[in-house]
Amino acid sequence: MKVIKTFFIRTYGCQMNELDSEILLTQLDSRGLKLAKSEQEADLIIFNTCSVRDLAEKKVLGKISEFKNDNKIIGIAGCMAMSLKDTLLKDYKYIDFILGTNDLLKINEILDDLQTKNIQINKTSENYDISIDNFFAKRNSPLKASISIIRGCNNFCSYCIVPFTRGREISRSKNSIIKEFKYLANLGYKEITLLGQNVNSYGKDFTDEKFLFSDLLYELNKIDGIERIRFMTSHPKDISIELMHAIKDLEKVCEFVHFPIQSGSNKILKKMNRKYTRESYLEKVNLLRQVVPNVAIGTDIIIGFPEETEEDFQDTFNLFKEVKYDTAFIFAYSPRRGTLASKWKDEIPKDIKNKRLQELLSLYHEILQEKYRSYVGDIRQVLVERLNKDQKMLKGRTKRFEKVIFEGKENLIGSLQNVKIESFNHQTLIGSLAKD
Ligand code: 5AD
Ligand code: SF4
C-alpha cells in the first residue's frame with residue numbers, strides 16, 4: 001500500500017481541462033492531501049491529458065516515463081484516458097489508474113480502492129455525470145474563472161478526436177450555471193469565461209424550454225459583481241444574429257469572438273466537414289463587424305490537411321489577410337485515431353507543412369504589428385490581473401483580449417483601469433495609467 005500525503009496535477013490542452021483539474025484539485029484538497037510544488041515532491045501525480053494533436057500525447061507519454069521507477073501513484077485523466085482506455089493500462093504497467101472526463105467526481109473512490117487493492121483502475125464511463133455540473137471547484141486564480149456551460153461536441157469535423165473523447169453535446173441547466181456564476185461573484189471574481197466546444201449550440205438540446213446561448217448571456221449580464229464575461233469556442237456555422245446583438249448590447253460581454261475558420265479553401269472545408277464555405281464565413285464576419293464594430297476576432301487554422309494544394313493554402317493565406325485576425329492559433333495537421341481523415345493519406349511533407357506554417361505566422365505577426373502601431377495613443381480599459389513576469393510592471397487584458405503591461409501599484413490588481421497605449425513589443429501592448 002502506497003501512502004499518499006501529497007499530490008501534483010499536470011494539465012495539458014484546453015481551458016476545459018484546466019477547469020477539470022480544478023475540480024480534481026478541490027476534491028483532493030478536501031481529502032486532506034497537500035499540493036506539492038512539483039511532480040518530484042508528490043506521492044500522487046495526475047496527468048490531465050489532451051489528445052487533440054499527436055504532439056500533445058507524445059509530450060505526456062515522455063513525461064510519465066520519467067516516473068516509471070518511482071514509488072508514486074500515477075493517474076491519467078482527460079482525453080487520453082477516454083480515447084486509449086485499457087490500452088494505456090496494458091502498455092504502461094506503472095500507471096495506477098485512468099480517469100475519464102465523465103468520472104471527475106470519482107477520484108476519491110479510486111484512491112480509496114488503491115489503498116486496499118493492488119490493481120490498475122479504469123474509470124472511463126461514456127455517459128456524462130451531471131452531478132459534475134453542481135460541483136463548484138476552487139479556482140486557481142482569485143480573479144478569473146471558467147465555467148462549463150456545454151460539454152461534448154456533435155460536429156464530427158473529419159480531423160478531430162474531441163467527439164470521441166468528450167462525447168455528445170449536453171448543455172448544463174440554466175439554474176446551475178446562474179448559481180455558480182453568483183457564487184463566483186460573491187467570492188469577488190471579476191471575469192468569467194463560459195466554456196464549451198461549441199457554445200453556440202448551448203440550449204439546443206433542451207426539450208422543455210427555449211433558452212439559447214444569447215438568452216443565457218442576457219441573464220448572466222444582470223448579475224452584480226462580475227465585470228467581464230467571455231466565452232469560447234464559437235462554431236462559425238452556428239453563430240446567430242441574436243448572439244451578435246448580445247455582444248453589442250451587454251456591457252459585461254467582451255467584444256472578442258474566437259471564430260475558427262480552420263481553412264480558407266472550400267475544397268478543404270468540405271473535406272473537413274465544417275458545414276460552411278469561405279463565402280458564408282466571410283459574410284458572418286462582415287455582419288459581426290457591422291453589429292459590433294470594435295469586435296476582435298480569433299481563429300484556429302490547420303495547415304497541411306490531406307490534399308491541401310498550394311492553391312488551397314493561398315486561399316487560407318488570403319482569407320487571413322482579409323479578416324486580419326486579432327488572435328490566431330495555427331497548427332500543422334496530425335492524423336488522429338478513429339477520425340474520418342485518419343483514413344486518408346497524410347501526404348503533405350513535413351517541410352511543406354512547416355513552410356506554410358511559417359508563412360502564416362509571419363503574416364499574423366505583420367498584421368498585429370500594424371494594428372498595434374495604430375493603437376498607440378489610444379486609451380484602453382484594462383482588467384489588472386497580476387504582476388507581469390518581470391515582477392515590476394502590472395499585467396492585464398483589454399475587453400478585446402489584448403495583453404497590456406504598465407507601471408502601477410500592486411493594489412490595483414483586480415480593478416479596471418484606463419491605460420494609455422504608448423508602445424508595443426510582439427504581442428504585448430505597453431502603456432501607462434491614464435490621468436483622469
Ligand atoms: N491536427 C491538427 N490540429 C487539430 N485541431 C484539432 N484536431 C487537429 C488535428 N488532427 C486544432 C483545430 C481546433 C484546435 C483546438 O485544434 O484547429 O480548432
Ligand atoms: Fe472538434 Fe469540430 Fe467539435 Fe471543434 S467543432 S471540437 S474541431 S469536432
Side-chain angles (χ1 to χ4, degrees), residues 11-18 49-59 78-80 82-83 101 128 148-171 193 195-202 204-205 213 231-239 257-265 268-276 281 284 297-308 313 316 319-320 323 325 327-348 350 352-354 356-357 360-361 364:
T11 310
Y12 298 83
C14 64
Q15 288 186 26
M16 194 70 95
N17 262 14
E18 298 282 346
T49 59
C50 169
S51 290
V52 90
R53 279 171 295 278
D54 188 43
L55 191 68
E57 291 198 339
K58 287 220 171 86
K59 259 197 211 160
C79 288
M80 283 174 79
M82 290 304 279
S83 74
T101 47
Y128 185 62
S148 117
I149 61 161
I150 175 169
R151 286 184 178 255
C153 181
N154 291 353
N155 288 314
F156 288 94
C157 299
S158 63
Y159 51 82
C160 185
I161 200 169
V162 169
F164 304 94
T165 61
R166 287 197 173 261
R168 293 300 71 73
E169 283 169 4
I170 170 159
S171 301
T193 302
L195 293 183
Q197 258 72 39
N198 181 13
V199 289
N200 297 324
S201 285
Y202 177 78
K204 289 186 181 164
D205 51 338
F213 183 51
F231 57 88
M232 72 186 307
T233 291
S234 297
H235 194 301
K237 78 177 165 51
D238 295 318
I239 193 166
V257 180
H258 187 63
F259 203 52
I261 178 78
Q262 310 294 359
S263 167
S265 146
I268 299 292
L269 285 172
K270 193 147 201 271
K271 282 179 67 83
M272 285 178 163
N273 191 29
R274 289 291 288 176
K275 302 187 185 93
Y276 53 82
Y281 177 91
K284 290 205 171 163
I297 299 182
T299 193
D300 292 345
I301 290 179
I302 300 177
I303 52 87
F305 192 73
E307 290 182 31
E308 184 189 71
F313 173 69
T316 303
L319 182 134
F320 198 115
V323 177
Y325 288 106
T327 64
F329 297 94
I330 305 165
F331 310 105
Y333 169 70
S334 76
R336 310 308 299 130
R337 59 186 167 275
T339 61
L340 182 62
S342 68
K343 300 190 177 71
W344 307 329
K345 205 164 161 244
D346 173 24
E347 87 275 28
I348 312 296
K350 242 190 181 158
I352 299 208
K353 281 185 182 163
N354 262 337
R356 291 178 185 168
L357 197 83
L360 266 188
L361 282 174
Y364 175 39

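Both counts, for ligands and for their atoms, begin at 1 and track the order of listing.
In this structure, the side chains of Ile161 and Arg337 come closer than 4.5 Å at one or more pairs of heavy atoms. Taking 4.5 Å as the limit, every side-chain heavy atom of Ser201 sits out of range of all side-chain heavy atoms of Asn154. Residues Arg168 and Pro163 meet the side-chain proximity criterion, which asks for heavy atoms closer than 4.5 Å. Residues Phe320 and Ile261 form no side-chain contact, since every pair of their non-hydrogen atoms from C-beta on lies 4.5 Å or further apart.
Shown here for Asn198 and Asn155, the closest heavy-atom pair between the two residues is ND2-ND2, 3.6 Å.
A donor atom on one side chain and an acceptor atom on the other are not found under 3.5 Å apart for Ser51 and Arg336. For the 3.5 Å distance criterion, the side chains of Thr11 and Asn17 fail to qualify, holding no donor opposite an acceptor.
Looking only at protein heavy atoms, the nearest one to atom 7 (S) of ligand 2 is Tyr159 OH, 3.4 Å.
Of all protein N, O or S atoms, those under 2.8 Å from atom 2 (Fe) of ligand 2 number 1.
A distance-only check finds no donor-acceptor pair linking the side chain of Ser158 to the backbone of Ala341 [under 3.5 Å].
Salt-bridge check for Glu308 with Arg356: passed, with a basic side-chain N closer than 4.0 Å to an acidic carboxylate O.
Each of Val52, Arg53, Tyr159, Gln262, Asp300, Ile302, Phe331, Ala332, Tyr333, Ser334, Arg336 has a non-hydrogen atom positioned under 4.0 Å from some atom of ligand 1.
No close placement of the Phe313 and Phe305 rings is indicated, their centers lying 6.0 Å or farther apart.
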